[in-house]
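So that the names make sense, note that chain A is the first sequence line, chain B the second, and so on, each numbered from 1. Everything numeric in this text was worked out from a predicted model, so none of it was measured.
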Number of protein chains: 2
Amino acid sequence: MELLQILECSPPLVRQPLDAAQAAGVATVFKALGDPVRLRILSIVASRAGGEVCVCDITDAFEVSQPTISHHLKVLKDVGLLVSERRASWVYYRLVPETLGELSALLNVPVTA
Amino acid sequence: MELLQILECSPPLVRQPLDAAQAAGVATVFKALGDPVRLRILSIVASRAGGEVCVCDITDAFEVSQPTISHHLKVLKDVGLLVSERRASWVYYRLVPETLGELSALLNVPVTA
DNA sequence: CGTTGAAATCGACGAAAGTTTATATCGAAA
DNA sequence: TTTCGATATAAACTTTCGTCGATTTCAACG
């Protein structure tokens, strides 16, 4: 199942109710955002100027173990929020802005008319 | 801790990394969105024309038990996404658009410059 | 009053999630 | 090929979460 496609097909919450299938897909993505460590990782990657962050830099920014960081990165990658690329011994992660944008659109509330 | 205030003080993810306290607060709200039943409940309330939905109508829309729906409503209420009001024997829930809007802003990605 | 219906709370149980330690993989370098 | 540093995977443990049945609260009504 392609989560980004599910997001693209899901109308804003204020427009019409989600069906069960849409809700299941969208919930998977929000669940990935429902952890403080993952949120911080995502914000580090998303706000990085160059667009790329080395795993080693992320690991250094937290007090949890390296496997824990690796696990959280996998979760964020599995839901389509991040992608990774290996170069030499290092792995770099960068944001998938489309996924984040779809999420934002899903939650968007029109200005009070 | 007032979650809406935390949301108001948290910059968009693409702007700057969240600190630990902000991440903890924001994660609580996203965690509430990370369940299919809660997402559907929220979308039902958010998209309702009159702005209000009776608990009885929500319960009828799902196949889970009444206590389960009540539990999910409490979660959504605790994070500031919904508010409730009792009238006679019935309880009505409605959306807090500010909270949803802050979440949307948090995830917003500027158009690719 | 006592009853009835709607909604919330409680207690318990199984499943899922976050973390750690230990181990494996992978690429570079000696 | 052996070693070393970086990252991922595996196994195990603990806590959290979603769900249910049973009970309670609350308001309206006989």
Side-chain angles (χ1 to χ4, degrees), chain A residues 1 3 18 20-21 23-45 48 52-79 81-94, chain B residues 3 18 20 23-45 48 52-79 81-94:
Chain A
M1 63 173 181
L3 287 179
L18 297 172
V26 175
T28 303
V29 186
F30 279 128
K31 195 178 302 182
L33 295 179
D35 178 87
V37 175
R38 283 198 292 269
L39 264 182
R40 293 180 64 192
I41 292 176
L42 186 67
S43 67
I44 288 174
V45 176
R48 176 60 63 95
E52 280 189 341
V53 181
C54 176
V55 172
C56 56
D57 291 331
I58 299 175
T59 304
D60 290 347
F62 294 88
E63 292 180 351
V64 298
S65 68
Q66 174 266 321
T68 297
I69 296 295
S70 190
H71 163 69
H72 286 312
L73 284 170
K74 175 171 168 48
V75 172
L76 292 170
K77 185 177 176 179
D78 284 346
V79 300
L81 282 166
L82 296 180
V83 290
S84 68
E85 179 186 350
R86 172 164 224 133
R87 288 203 300 275
S89 290
W90 296 272
V91 176
Y92 298 86
Y93 280 79
R94 55 179 190 278
Chain B
L3 287 179
L18 297 172
V26 176
T28 303
V29 187
F30 279 129
K31 196 178 301 182
L33 295 179
D35 178 87
V37 174
R38 283 196 293 267
L39 265 182
R40 293 179 65 194
I41 293 176
L42 185 68
S43 67
I44 288 174
V45 176
R48 174 64 61 98
E52 283 189 339
V53 181
C54 177
V55 172
C56 57
D57 291 331
I58 300 174
T59 303
D60 290 347
F62 294 88
E63 292 181 350
V64 298
S65 69
Q66 175 267 321
T68 296
I69 295 293
S70 190
H71 164 68
H72 287 312
L73 284 169
K74 175 169 168 49
V75 172
L76 292 170
K77 185 178 176 179
D78 285 345
V79 300
L81 283 166
L82 295 181
V83 290
S84 67
E85 179 186 352
R86 170 164 225 133
R87 287 205 299 277
S89 290
W90 295 272
V91 177
Y92 298 85
Y93 280 78
R94 53 177 193 278

Asks: Indicate yes or no: at least one non-hydrogen side-chain atom of T68(A) is less than 4.5 angstrom from one of V37(A).
Replies: no
Asks: For a 4.5 angstrom cut-off between non-hydrogen side-chain atoms, does F30(B) reach D35(A)?
Replies: no
Asks: Show me the donor-acceptor pairs within less than 3.5 Å that the side chains of residues 52-60 of chain A make with the rest of the protein, sequence neighbours left out.
Replies:
residue, atom, partner, partner atom, Å
E52(A), OE1, R87(A), NH2, 2.9
E52(A), OE2, R87(A), NH1, 3.2
T59(A), OG1, V55(A), O, 3.0

Asks: Just verifying a value: how many Å separate K74(A) NZ and S84(A) OG, rounded to the nearest 0.5 Å?
Replies: 10.0 Å
Asks: If I compare all heavy atoms of V26(B) with all of L39(A), which pair ends up nearest, and what's the gap?
Replies: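 In terms of heavy atoms, the two residues are closest at CG1-CD1, 3.5 Å.
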Asks: Pull out every residue in residues 64-77 of chain A that has a heavy atom closer than 4.0 Å to any atom of DNA chain D, ordered by number, or say none.
Replies: Q66(A), P67(A), S70(A), K74(A)
Asks: Looking at every non-hydrogen atom in both residues, tell me the closest pair between A32(A) and V75(A) and how far apart they are.
Replies: CB-CG1, 3.8 Å
Asks: For DNA chain C, what residues of residues 81-93 of chain A have any heavy atom nearer than 4.0 Å?
Replies: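 Correct list: R86(A), A88(A).
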Asks: Side-chain contact, heavy-atom cut-off 4.5 Å: K77(A) with V83(A)?
Replies: no
Asks: Kindly state which residues belonging to residues 27-36 of chain B come within less than 4.0 angstrom of DNA chain D, counting heavy atoms of the residue only, listed by number.
Replies: K31(B), D35(B)
Asks: With heavy atoms of chain A within less than 4.0 Å as the criterion, where does contact along DNA chain D begin and end?
Replies: dA6(D) to dT9(D)
Asks: Determine the minimum heavy-atom distance between A23(B) and R40(A), stating which atoms define it.
Replies: CB-CG, 3.3 Å
Asks: Working to the nearest 0.5 angstrom, can you tell me the gap between L76(B) CG and H71(B) NE2?
Replies: 9.5 Å
Asks: Could you list where the contact with chain A starts and ends along DNA chain C, reading 5' to 3', using a 4.0 Å heavy-atom cut-off?
Replies: dA17(C) to dA28(C)
Asks: Quick check: do Y93(B) and L42(B) have side-chain heavy atoms less than 4.5 Å from each other?
Replies: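 No, every pair of side-chain atoms sits at 4.5 Å or beyond.
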Asks: State, to 0.1 Å, how close P36(B) and A27(A) come at their nearest heavy-atom pair, and which atoms those are.
Replies: N-CB, 3.6 Å
Asks: Just wondering, are more than 12 heavy atoms of other shown residues or ligands nearer than 6.0 Å to CD in E85(B)?
Replies: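 Counting neighbours around CD of E85(B), more than 12 heavy atoms of other residues, nucleotides or ligands fall under 6.0 Å, so yes.
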